[in-house]
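Each remark here refers to the structure printed beneath this line.
In what follows, every heavy atom counts, from backbone to side chain, and hydrogens, waters and symmetry copies are set aside. Computed from a predicted model, the values in this text were never measured in an experiment.
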Amino acid sequence: MRYFAILCTMLLLVSCNREPAVDTAPGPDRIVRLSDSEIKGLDPQKVSDLSSLRFAADQFEGLTRLDARGEAEPGLARDWQVSADGLTWTFALRENLRFSDGTAFDATLFPTLLQRLRAPETAAASAALFGNIQSVQAAGEQNVVVTLASPDPSLPALLTHPAMAALPLHRIGAASDQWTSDRPMVTSGPYRLAGWKLNDHARLERNPEWHDEPAPTKTIIWKPMDDSLSAMRLFLSGGADIAADYPASRHQWLEDNHPAAAHSVPYLGSYYFAFNTRSPPFDDRKVRIALSMAVEREWIADKVIGIGNIPAWGLLPPGLAGPVSARPEWADWSRERRLSAARALLAEAGYSANNPLRFEIRFNSSAEHRRVAVAMAAMWQPLGVEASLFNSEAALHFAALRRHEFALSRSGWIADLPTPENFLLVHQQTNGAGNYSGYDNPAYDALLAQAIAEPDSARRQILMRRAEALLIADMPILPLYFYVTRSLVAERIAGWEDNISNVHPSRTLLIRQ
């Protein structure tokens with residue numbers, strides 16, 4: 001009898017320390033989303049991985065927020081005004097803003113948020129994104145004034161980043177890093193964290209104090225699923241509403257069997273190889289252009305990759321600085337004409353059958369990267385080019401790029417923000433080790449600086465395109481295709497809009513009745 005009493009007491013204690021059993025399957029008022037990795041942290045200023053940032057965006061709102069199309073719209077601010085020189089932005093807050101615990105806040109919160117973001121003890125990985133912001137000040141209780149070092153028409157998009165969202169500094173001051181242990185967690189956005197079981201699921205419920213209309217779906221369940229094949233199987237069995245990825249090898253099967261569910265969409269990312277322009281043979285522009293001319297991009301995108309990627313001759317994805325991506329004149333020539341022009345360029349550079357061009361293609365370990373490297377080497381054989389292959393794991397690969405220990409190497413860029421300069425600044429000499437190719441053209445740098453200083457959006461875009469055209473004319477990189485995102489979305493989900501930023505806030509999703 002005594003043993004039985006002790007056992008009951010132990011069970012009671014265990015039950016008090018565990019979250020009650022929660023249904024984590026799709027339901028009539030519950031959407032289940034599969035992320036491609038576990039949440040790394042709950043403090044929006046201390047995380048940088050995509051899964052954590054998506055999760056944070058469901059809970060924390062800034063002066064602006066992203067809509068279903070991935071575009072910036074008013075958030076905690078109802079509107080904003082910009083000075084003629086593009087350097088001063090004044091955001092007018094909505095009335096009676098409150099955190100989810102009922103604590104009111106006003107414009108005086110935002111200067112302190114920037115201070116915390118930049119404090120060394122915060123160690124914010126995203127702090128550099130806000131480097132163009134000179135100051136954030138409160139003008140009374142309802143206006144937030146943001147002053148920039150240079151004009152930036154994309155500031156509303158930047159301020160959607162969770163790192164500059166309204167955080168409950170009153171809880172952070174009282175509980176320090178333990179503030180994220182609150183259940184429910186104190187938030188400023190449409191949802192608040194009600195429960196988190198590591199490596200299993202996180203449960204979000206509506207924030208009762210959110211300024212907007214209640215989010216259409218009561219409960220959002222996020223589940224980590226780092227194996228995309230397992231995620232696809234769970235989705236197809238009805239165990240999830242949305243999967244953040246699926247295997248590239250299953251793309252055609254999904255297109256044939258579940259066309260309404262599979263979404264393959266152009267993304268803010270460019271896949272390219274970088275020439276080392278610091279030394280022969282690729283210090284010679286003629287050699288770089290010749291090799292680029294001989295590459296069949298459509299064949300690589302369609303046959304080698306085969307998941308809907310768009311062939312690329314330029315750096316900027318379509319829709320970022322215009323409806324179509326840049327293309328050199330020779331992109332529309334026949335293959336025979338391109339090969340003939342390439343042979344002539346190589347001959348001018350001193351290469352022939354008696355002195356063939358030889359170099360090594362470096363890539364990080366991946367079946368996809370290897371297939372692309374093999375395909376390019378084969379495409380260059382008619383030019384008498386002898387290209388060998390070398391692969392290494394990712395850490396070693398990118399360390400070699402930073403040390404400039406390569407001739408031609410797999411690279412690419414996925415943007416932090418949907419802006420042309422986020423791609424173009426990478427290739428400035430001032431980017432140091434991050435400028436893998438070593439591209440150094442003062443005219444390019446000057447044109448890019450002019451674009452960044454231009455407050456007018458239309459003229460700014462024109463200058464960005466000119467900078468891209470100059471970059472591609474010099475060809476320090478060999479663009480091949482633009483990335484796509486792959487998602488699975490159940491037919492019962494409405495509100496999903498495919499977009500180049502791959503942004504799909506939970507507050508914009510609803511369940512079809």
Side-chain angles (χ1 to χ4, degrees), residues 270-301 303-304 311-315 326-364 369-392 397 400-401 403-412 427 429 435-441 443-444 468-481:
S270 297
Y271 183 98
Y272 53 81
F273 278 66
F275 293 106
N276 188 344
T277 65
R278 304 170 186 85
S279 57
F282 297 128
D283 58 341
D284 190 331
R285 173 181 174 275
K286 294 175 183 177
V287 177
R288 304 194 300 265
I289 295 294
L291 294 186
S292 186
M293 281 182 164
V295 172
E296 297 295 320
R297 291 160 172 81
E298 295 97 335
W299 196 88
I300 288 176
K303 303 300 182 184
V304 177
W313 286 264
L315 176 64
R327 291 169 65 95
E329 179 186 6
W330 48 260
D332 298 316
W333 293 357
S334 67
R335 174 161 176 76
E336 291 73 20
R337 183 180 177 185
R338 284 185 283 109
L339 286 176
S340 177
R343 290 189 187 96
L345 287 171
L346 288 178
E348 290 178 27
Y351 296 100
S352 63
N354 295 325
N355 181 35
L357 174 63
R358 296 188 178 95
F359 60 90
E360 182 179 79
I361 308 174
R362 183 168 193 141
F363 56 93
N364 50 306
H369 303 329
R370 176 176 289 277
R371 290 197 302 268
V372 171
V374 168
M376 289 195 300
M379 291 170 185
W380 291 326
Q381 285 179 355
L383 301 178
V385 172
E386 300 175 9
S388 59
L389 307 183
F390 179 82
N391 77 287
S392 61
H397 175 81
L401 264 65
R403 293 193 303 267
H404 316 148
E405 297 173 355
F406 70 97
L408 177 65
S409 180
R410 206 290 295 181
S411 188
H427 304 284
Q429 187 61 25
N435 176 17
Y436 295 150
S437 71
Y439 183 52
D440 186 5
N441 185 338
Y444 174 80
E468 180 195 23
L470 185 56
L471 178 76
I472 297 308
D474 286 340
M475 201 63 67
I477 59 172
L478 200 168
L480 292 178
Y481 59 80

Under the salt bridge (Lys or Arg N to Asp or Glu O under 4.0 Å) test, which residues partner [X], sequence neighbours left out?
X    : result
E386 : R358
E405 : R403
R327 : D332
R278 : none

Calculate, to the nearest 0.5 Å, the distance between atoms [atom1] and [atom2] belonging to [X] and [Y] respectively.
X    : Y    : atom1 : atom2 : result
S340 : L345 : OG    : CG    : 10.0 Å
F273 : L408 : CZ    : CG    : 6.5 Å
I477 : I472 : CD1   : CD1   : 5.0 Å
W380 : L357 : CH2   : CG    : 9.0 Å

Taking the side chain as every heavy atom from C-beta outward, state whether [X] and [Y] have any atom pair closer than 4.5 Å.
X    : Y    : result
H369 : N391 : no
T277 : D474 : no
P479 : W313 : no
L478 : Y272 : no
I300 : E296 : no
R288 : S437 : no
D283 : F275 : no
M475 : R285 : no

[X] side chain to [Y] main-chain N or O, any donor-acceptor pair under 3.5 Å?
X    : Y    : value
N276 : H404 : yes
S270 : L315 : yes
H427 : P476 : no
R338 : M293 : yes

For S292 and R297, which I'm curious about, is there any donor-acceptor pair between the side chains at under 3.5 Å?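 On atom types as modelled, these side chains qualify, holding a pair under 3.5 Å.
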
Looking at [X] and [Y], what are the two nearest heavy atoms and their distance?
X    : Y    : answer
P356 : G384 : CB-O, 3.5 Å
L401 : S409 : CD1-OG, 2.8 Å
L470 : Y439 : O-OH, 3.8 Å
E360 : L389 : CG-C, 4.5 Å
R335 : M379 : NH2-O, 3.4 Å

Holding to side-chain hydrogen bond (donor to acceptor under 3.5 Å, both in side chains), I want the full list of residues that pass it with S388, two or more places apart in sequence or in another chain.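 Not a single residue meets the side-chain hydrogen bond (donor to acceptor under 3.5 Å, both in side chains) criterion with S388.
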
If you look only at pairs with a residue in residues 334-354, which of them pass as a ring pair (Phe, Tyr, Trp, His ring centres under 6.0 Å), with sequence neighbours excluded?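 As it turns out, there is no ring pair (Phe, Tyr, Trp, His ring centres under 6.0 Å) pair with a partner in residues 334-354 once direct neighbours are skipped.
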
Going through the checks in order, is the side chain to side chain contact (heavy atoms under 4.5 Å, CB included) test met by V287 and L346? CA-CA 6 Å; V287 177; L346 288 178; 4.2 Å; yes

Which residues pass the ring pair (Phe, Tyr, Trp, His ring centres under 6.0 Å) test with F406, sequence neighbours left out?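 For F406 there are no ring pair (Phe, Tyr, Trp, His ring centres under 6.0 Å) partners, ignoring immediate neighbours.
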
Who are the ring pair (Phe, Tyr, Trp, His ring centres under 6.0 Å) partners of Y481, not counting sequence neighbours?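 For Y481 the ring pair (Phe, Tyr, Trp, His ring centres under 6.0 Å) partners, ignoring immediate neighbours, are Y271.
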
With [X] via side-chain contact (heavy atoms from CB on, under 4.5 Å) - residues at least two apart:
X    : result
A377 : I361, A387
R371 : V304, A367, E368
Q429 : N435, D440, D445
S352 : N354, N355

